[in-house]
> 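Quick one: the structure is below, and I'll ask about it shortly.
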Amino acid sequence: MSAQFQQEVLNEHNRLRAQHSAPPLALSRSLCKYAQDWAQNIASRNRLQHRTERKYGENLYAQFGKTQIAGADAVQSWYQERKDYTYGQPDPGSNFTKVGHFTQVVWKGSRELGVGMAVNGRNVFVVCNYDPAGNYKNQYAQNVTAT
């Protein structure tokens, strides 16, 4: 995976985070290695699956049948979930599966980002890890603010 792809993912995160008054993320070399290891793992199995260990926040993205993707593609797919998010609530409740990627992207408490990408045939898998993790119950109102 290229440093350019990692930078594109970081830049798109930070562009969107700024719209929500969230501080910019910094790319972490160790977190990128962690994300890359998992991207290679899920690509080798051709299966989009979260780690069972919850050490960091995690967003996953897959593109099937096309190996060329831009760094912004994955981030934009997660950000599109904002349409289902209700601002000001203590947590999204049962709506979490519809908005959890978006809220992690703009979570104010997250400071570092790791980016991994791996290809299997014509399928691409992207993993982003966040430290500290977001999406904590009763912390949404202060960490996810409207544009």
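Quick caveat, the model's predicted, so the values are computed rather than measured.
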> Where the side chain of S110 meets the backbone of D131, is there a donor-acceptor pair that is under 3.5 Å apart?
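No, the answer is negative, given that no donor and acceptor are paired below the 3.5 Å cut-off.
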> Working to the nearest 0.5 Å, report the span between SG of C32 and CG of L113.
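Reported value, rounded in 0.5 Å steps: 6.5 Å.
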> What residues, two or more places apart in sequence or in another chain, satisfy side-chain contact (heavy atoms from CB on, under 4.5 Å) together with K33?
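Scan of K33 (side-chain contact (heavy atoms from CB on, under 4.5 Å), adjacent residues dropped) gives D37.
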> Tell me, yes or no, whether the heavy-atom count around E53 atom CD, taken from other residues, nucleotides or ligands under 6.0 Å, exceeds 12.
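Enclosed.
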> Is it the case that more than 12 heavy atoms not belonging to R15 sit under 6.0 Å from its CZ atom?
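Atom CZ in R15 is packed in, count exceeds 12.
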> If every non-hydrogen atom of A43 is compared with every non-hydrogen atom of A118, which pair is closest and at what distance?
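Looking at all heavy atoms of both residues, the shortest contact is CB-CB, 3.6 Å.
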> Can you confirm whether K83 is buried at NZ, in the sense that more than 12 heavy atoms of other residues, nucleotides or ligands lie under 6.0 Å from that atom?
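For K83, atom NZ is crowded (more than 12 foreign heavy atoms under 6.0 Å).
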> How far does CG of N143 sit from CG of N138, to the nearest 0.5 angstrom?
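Between atom CG of N143 and atom CG of N138 there are 11.5 Å.
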> How about N41 and R45: does a side-chain donor come under 3.5 Å of a side-chain acceptor?
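A donor-acceptor contact under 3.5 Å links the two side chains.
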> Determine whether L48 and V99 fall in the same hydrophobic cluster, where Ile, Leu, Val, Met, Phe, Trp and Tyr are linked whenever their side-chain heavy atoms lie under 4.5 Å apart.
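No: no chain of side-chain contacts under 4.5 Å links L48 to V99.
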> What I want to check is whether the side chains of Y56 and E58 have a donor and an acceptor closer together than 3.5 Å.
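Side chains of Y56 and E58: no pair found under 3.5 Å.
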> I'd like to know if the side chain of R111 reaches the main chain of K108, judged simply by a donor and an acceptor atom lying under 3.5 Å from each other, with no hydrogens or angles considered.
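Here the side-chain-to-backbone pair exists.
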> Give a yes or no answer on whether the side chain of R122 reaches the backbone of T67 with a donor-acceptor pair at less than 3.5 Å.
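Judged by distance alone, no pair lies under 3.5 Å.
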> Considering only heavy atoms from C-beta outward, does the side chain of T103 approach that of P92 to under 4.5 Å?
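No, side chains not in contact.
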> Walk me through whether L16 and Q76 qualify under side-chain contact (heavy atoms from CB on, under 4.5 Å).
CA-CA 9 Å; L16 296 170; Q76 276 297 318; 3.8 Å; yes
> Do N95 and D84 make a side-chain contact, defined as non-hydrogen atoms from C-beta onward lying under 4.5 Å apart?
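SC-SC contact between N95 and D84 confirmed.
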> Would you kindly confirm whether L25 and L31 end up in one hydrophobic cluster when ILVMFWY residues are joined by side chain heavy atoms under 4.5 Å apart?
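As far as the 4.5 Å side-chain criterion goes, L31 and L25 are not connected within one cluster.
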> Report the relative orientation of the aromatic rings in F102 and H20; use parallel for angles under 30°, tilted for 30 to 60°, perpendicular for over 60°.
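Taking H20 first and then F102, their aromatic rings stand perpendicular (interplane angle over 60°).
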> Do Y87 and T145 come within less than 4.5 Å of each other through their side chains, counting heavy atoms only?
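No, side chains not in contact.
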> Among the clusters formed by ILVMFWY side chains lying less than 4.5 Å apart, do Y79 and Y61 turn up in the same one?
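Yes, one cluster joins them.
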> Say whether, by atom type as modelled, one donor and one acceptor occur between the side chain of Q36 and the main chain of M117 under 3.5 angstrom.
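Yes, the answer is positive, given that a donor and an acceptor are paired below the 3.5 Å cut-off.
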> For the CZ atom of F125 and the CD1 atom of I42, what is their distance to the nearest 0.5 Å?
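That separation rounds to 6.0 Å.
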> If I take atom CZ from residue F96 and atom CG from residue N135, how far apart are they, to the nearest 0.5 angstrom?
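Here the rounded value is 4.0 Å.
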> Assess, by modelled atom type and distance only, whether the side chains of N46 and N123 contain a donor and an acceptor separated by less than 3.5 Å.
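Yes, side-chain donor-acceptor contact under 3.5 Å.
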> Please check this pair: side chain of Q19 against backbone of T147, looking for a donor-acceptor N/O pair closer than 3.5 Å.
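Looks like no, no N/O pair under 3.5 Å.
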> Hey, what do you get for CZ (R51) to CG (L60), rounding to the nearest 0.5 Å?
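The CZ atom of R51 sits 9.5 Å away from the CG atom of L60.
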> Within the structure provided, determine whether V105 and H13 are in side-chain contact (heavy-atom separation under 4.5 Å).
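Yes. Closest side-chain heavy atoms under 4.5 Å.
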> Hey, any chance Y34 and F5 share a hydrophobic cluster, counting ILVMFWY side chains that come within less than 4.5 Å of each other, even indirectly?
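Different hydrophobic clusters.
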> Strictly distance-based, threshold 3.5 Å: is any side-chain N or O of R17 a donor or acceptor partner for the main-chain N or O of W107?
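Answer holds: yes.
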> Just wondering, are more than 12 heavy atoms of other shown residues or ligands nearer than 6.0 Å to CD in Q142?
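Yes, CD of Q142 has more than 12 neighbouring heavy atoms, counting only those of other groups under 6.0 Å.
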> Drop me the distance from Q7's CD to L27's CG, to the nearest 0.5 angstrom.
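Going from CD on Q7 over to CG on L27, the span is 6.5 Å.
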> Any side-chain to backbone donor/acceptor pair from E81 onto H101? Under 3.5 Å, distance only.
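The answer is yes, because a donor-acceptor pair under 3.5 Å joins these two groups.
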> Is Y136 linked to Y140 within one hydrophobic cluster, defined over Ile, Leu, Val, Met, Phe, Trp and Tyr using a side-chain heavy-atom separation of less than 4.5 Å?
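Same cluster.
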> Assess whether side-chain contact (heavy atoms from CB on, under 4.5 Å) is satisfied between V126 and I69, documenting all intermediate values.
CA-CA 10 Å; V126 177; I69 65 169; 3.6 Å; yes
